[in-house]
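Written below as structure tokens is the structure these notes are about.
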Amino acid sequence: MAEAADFQGMSSSPARRWLRRTGALLAGAPLLAGLLQLPAGPAAHAAVRSAAVEAGSTRAVTVSLDSLSPSVPTDGDTLTVSGTVTNNGKQAVTDAHVGLRVGQELSNRASIDNVARRTGYLPGVDGTEVGGKYVEKFAQLAPGATQEFSISVPVKELDLGSDGVYPLGVSLSGRTAAQPYEQVLGIQRTFLPWQPDDATVKTQTTFLWPLVSDVHMTAETLPNQQQTPVFQNDDLAKEISPGGRLSQLLSQGRNLDVTWVIDPDLLASVDAMAGSYSIKGDGDKVTAGKSQAVAKQWLADLQKAVQNKEVVALPYGDPDLASLAHNGKNVTGSLSHLKDATDVAASTVETILHVNPDTDFAWPVDGAVDPSIIKVATSAGADNVIASSDSLQESRGLSYTPTAARPIGGGTTAVVSDDGLSSAFDGDMTSAASSTLAVQDFLAQSLMINLEEPDKQRSIVVAPPRMPSSSQAQSMAEALTALQGSHWSESSDLSAAAKAKPDPDATTTVPAASRYPSSLRRQELPQSAFAQIENTQDKLDSFKVILTDPARVVTPFGRAIDRAMSTSWRGQASDASAFRQGVESYLDGLTDQVRLIEKSETKLSGRSATIPVTVQNNLMQGVDHLVLRLTSQQPTRLKIGNGPYSEQPISVSGGHSQSVKFTTTANANGRAAVVAQLFTEDGQAYGPPITFDVNVTEITPTVMLVIAGGVLLLVLAGFRMYTQRKRLAARQAEEERQDDPPHADDGGLNKAADAAVDTGDTAGSAAAPAQESDAESGADDPEHPSDPGPDTAPESTDPSGTGERVDR
């Protein structure tokens with residue numbers, strides 16, 4: 001018998017173990033006596049073959065158990081079991097009926113697994129049928145036919161004994177033409193947890209309720225002041241709509257005592273949907289999102305659900321800790337993203353849900369750990385790592401399930417989730433039958449944990465699938481509702497489980513990296529993914545230093561980089577690569593919005609000139625902290641400023657261009673290549689350079705002679721005009737003197753004498769008019785015959801004549 005092979009030491013007490021063994025022997029005695037009375041030889045082998053046929057024939061009919069209520073019965077309850085039976089054989093089943101069978105109390109958790117794996121009917125093990133009026137009969141079950149059944153039995157009729165877990169079989173018995181005697185043709189097994197009174201010490205049970213989704217938001221935003229976010233698709237709207245996966249998780253968990261485990265990126269994404277958002281289509285096409293009302297309602301419901309409940313915030317984007325540990329830690333800068341994601345997690349949850357979350361927990365994929373994962377998980381400040389009991393397996397032969405908290409060194413606690421309870425809902429729960437079996441298995445395992453050491457206080461943690469489906473959420477909620485109403489368990493927060501007193505005999509050794517599951521390792525992000533992420537981060541660092549409002553770029557791209565490391569990319573390598581490439585390409589597109597305008601060949605005539613270079617900024621915000629450098633590739637022919645290159649600071653408003661002029665000096669004819677390059681203030685090149693030619697045309701001697709001749713003609717013309725004006729002025733003065741005669745009472749002699757006395761020159765008075773005339777007539781002559789004429793005439797103080805040009 002399967003139960004007899006189970007290892008000992010896991011029952012609730014020695015007395016109970018003795019009673020169970022005695023009961024098993026008594027139940028098997030009739031079968032053993034019958035076998036001993038069988039004749040030896042061929043007849044004996046025929047009997048064995050008949051028993052084998054009977055056991056194999058139980059597959060002829062499928063029994064589906066769709067509901068069992070109540071899941072945890074107590075005294076005075078009536079147990080109702082319903083489902084369907086289907087005839088898979090080629091012969092009709094006659095005189096058929098469905099009945100219930102209660103087997104012997106199970107002794108440990110291993111026996112629960114053994115019963116769950118069995119398929120065929122085993123006489124003496126599956127128990128006797130309750131029978132009587134507590135069966136449902138069918139006159140005939142035709143081949144391929146399906147019939148529904150429902151049986152209600154008072155719990156007292158099940159003859160349950162002491163507290164424990166009992167296997168419950170639902171079987172169909174009947175006859176066929178080939179075997180015209182009653183036999184069990186199909187059976188389905190489940191479990192009845194029986195604990196009608198409060199346990200001496202209740203198990204502290206922590207159930208994690210995860211709100212985690214795939215990546216939905218891109219790094220892109222619309223080019224407007226509001227920075228309208230762009231989503232990859234509208235799948236998130238479906239998840240939070242009534243009936244959707246996240247809607248089911250919220251509605252099912254809101255009335256349960258659970259610890260909410262939330263990815264802040266999910267909250268941020270739904271919060272973005274509550275405002276204006278867009279959905280990416282083919283090419284560059286985007287359409288406006290229309291699920292604002294649904295998003296607002298989901299957030300409002302979540303805010304109410306988490307009030308006075310423990311909320312654990314994962315690092316933003318739920319980064320893949322194992323991928324970071326195995327493939328990312330050798331890429332410089334990768335681990336810094338985990339710290340940033342942890343820092344922003346608390347503020348995101350607090351802002352949106354108005355609760356203070358706990359960020360002290362790390363949750364690797366499936367709870368699988370090794371030393372490198374522990375090191376990475378705690379590098380961002382987490383002191384607790386949620387691990388699986390499959391990873392930290394017991395090696396000391398404990399006969400009971402130990403408390404979840406395990407100190408693993410360095411001040412770190414591994415909070416070990418129970419794999420048996422955590423994996424109860426891993427399968428497809430869409431059918432009522434699979435859900436019912438999962439619920440009963442979960443409850444049976446939970447009760448058995450308490451019965452292993454009923455006087456020992458223990459704390460157990462349940463970590464279900466990271467992204468439960470809608471049907472899984474419903475099954476989990478049904479099981480938890482029953483558990484929280486049971487007599488052997490009470491709810492506890494994750495933080496309390498981490499602080500519980502550790503079991504001194506429990507395993508605290510973290511398994512080596514070689515024991516990490518290969519199936520999980522194959523799904524990890526490769527090292528090339530982290531290299532690309534760091535390349536994007538480097539580009540972002542170079543871009544943000546030139547922006548007047550860097551937060552408009554740093555925030556969306558920083559969060560997109562967090563999403564690029566998300567756990568949700570496991571099993572979606574191509575989608576993950578496309579997302580990373582999309583983030584980098586979009587950033588490249590933004591940096592290209594600040595660029596130099598291409599220039600064609602520039603002609604430079606003369607020895608000096610200015611060359612304009614234009615910087616264009618098509619961003620919504622201004623750019624600053626840029627330097628434009630213009631460099632001559634042939635400095636001996638063309639100098640820029642005072643050397644081979646010159647630099648000027650650049651500041652351009654959003655949506656504008658700026659032209660910058662550089663002074664150049666030509667030393668020789670010919671073409672000179674010039675390179676224009678933008679730099680950040682710390683000397684890092686920004687964007688691609690542009691190169692253009694400057695064709696230098698130096699001034700020739702012939703041109704100089706022509707220009708000199710023209711200048712000489714202008715000087716001579718000006719000199720001629722000057723002399724003409726001076727002569728005209730002299731004639732006018734002479735005419736005025738002739739028109740003014742001497743007075744009558746003045747004698748000519750007296751006047752001449754007076755003049756001679758006043759000047760002291762006896763000969764001067766007579767000669768004066770003649771000298772003045774000579775001076776006037778010889779004004780244009782040189783003072784000495786050998787003196788050359790002046791290059792320019794003396795400056796005249798007379799007013800300019802009408803129409804004349806005067807240089808001042």
Side-chain angles (χ1 to χ4, degrees), residues 542 545-546 591-619 622-719 788 790-793 795 805-808:
S542 298
V545 298
I546 74 167
T591 57
D592 288 345
Q593 298 300 307
V594 180
R595 60 190 181 91
L596 297 170
I597 300 299
E598 292 287 342
K599 288 179 64 67
S600 58
E601 181 183 275
T602 300
K603 292 184 178 180
L604 179 61
S605 298
R607 294 186 178 275
S608 63
T610 57
I611 297 178
V613 179
T614 303
V615 182
Q616 187 176 51
N617 175 19
N618 289 327
L619 297 173
V623 295
D624 203 348
H625 309 297
L626 275 174
V627 174
L628 176 58
R629 178 185 296 177
L630 199 64
T631 304
S632 173
Q633 299 292 84
Q634 288 83 32
T636 56
R637 177 173 295 168
L638 180 69
K639 292 175 59 178
I640 310 293
N642 295 322
Y645 69 88
S646 179
E647 294 181 338
Q648 294 194 40
I650 299 297
S651 179
V652 189
S653 301
H656 290 76
S657 299
Q658 177 184 352
S659 292
V660 183
K661 295 181 178 181
F662 291 85
T663 301
T664 63
T665 303
N667 297 321
N669 290 341
R671 284 182 171 81
V674 175
V675 178
Q677 172 70 66
L678 287 171
F679 289 88
T680 58
E681 287 184 340
D682 60 358
Q684 298 296 317
Y686 181 89
I690 63 169
T691 302
F692 58 94
D693 289 338
V694 175
N695 190 4
V696 179
T697 305
E698 191 177 355
I699 302 174
T700 63
T702 303
V703 173
M704 291 292 294
L705 290 175
V706 171
I707 294 175
V711 171
L712 180 61
L713 290 175
L714 289 174
V715 171
L716 292 175
F719 181 75
D791 290 338
T792 56
E795 182 177 4
R805 181 167 179 246
V806 179
D807 294 329
R808 299 188 182 276

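The basis for the numbers below is simple: all heavy atoms, side chains too, and nothing from hydrogens, waters or symmetry mates.
Panel note: side chain Ser659, backbone Pro612; no donor-acceptor pair is recorded below 3.5 Å. A donor-acceptor pair is defined here as one N or O able to donate and one able to accept, closer than 3.5 Å; no such pair exists between the side chain of Gln677 and the backbone of Ile690. No donor-acceptor pair under 3.5 Å is formed between the side chain of Arg629 and the backbone N or O of Leu678. Using a distance-only test at 3.5 Å, with no hydrogens or angles considered, a donor-acceptor pair links the side chain of Gln634 to the main chain of Ala673. Put simply, the side chain of Glu598 never gets that close to the backbone of Phe692: no donor and acceptor are under 3.5 Å apart.
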Between His625 and Val545, does a side chain to side chain contact (heavy atoms under 4.5 Å, CB included) hold up when you go through it step by step? CA-CA 7 Å; His625 309 297; Val545 298; 5.8 Å; no
Should Tyr686 and Thr591 be marked as a side chain to side chain contact (heavy atoms under 4.5 Å, CB included) after you check the CA-CA gap, both sets of side-chain angles, and the distance that decides it? CA-CA 9 Å; Tyr686 181 89; Thr591 57; 3.7 Å; yes
Run the side chain to side chain contact (heavy atoms under 4.5 Å, CB included) test on Leu626 and Val594 for me, step by step, so that the C-alpha distance in whole Å, both residues' side-chain angles and the decisive distance to 0.1 Å come before the verdict. CA-CA 10 Å; Leu626 275 174; Val594 180; 4.0 Å; yes
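The number of heavy atoms from other shown groups lying within 6.0 Å of CG (Asp682) is above 12.
Side-chain contact between Lys603 and Thr697: absent, with no pair of heavy atoms (C-beta onward) separated by less than 4.5 Å. Using a 4.5 Å cut-off on side-chain heavy atoms (C-beta onward), Lys599 and Val613 make contact.
Under 3.5 Å, the side chains of Thr665 and Ser608 contain no donor-acceptor pair of N or O atoms.
Between Asp624 atom CG and Ile546 atom CD1 the span is 9.5 Å, to the nearest 0.5 Å. Taken to the nearest 0.5 Å, the OG1 atom of Thr614 stands 9.0 Å off from the CG atom of Leu596. How far CZ of Arg671 is from CG of Asn695: 4.5 Å, rounded to the nearest 0.5 Å.
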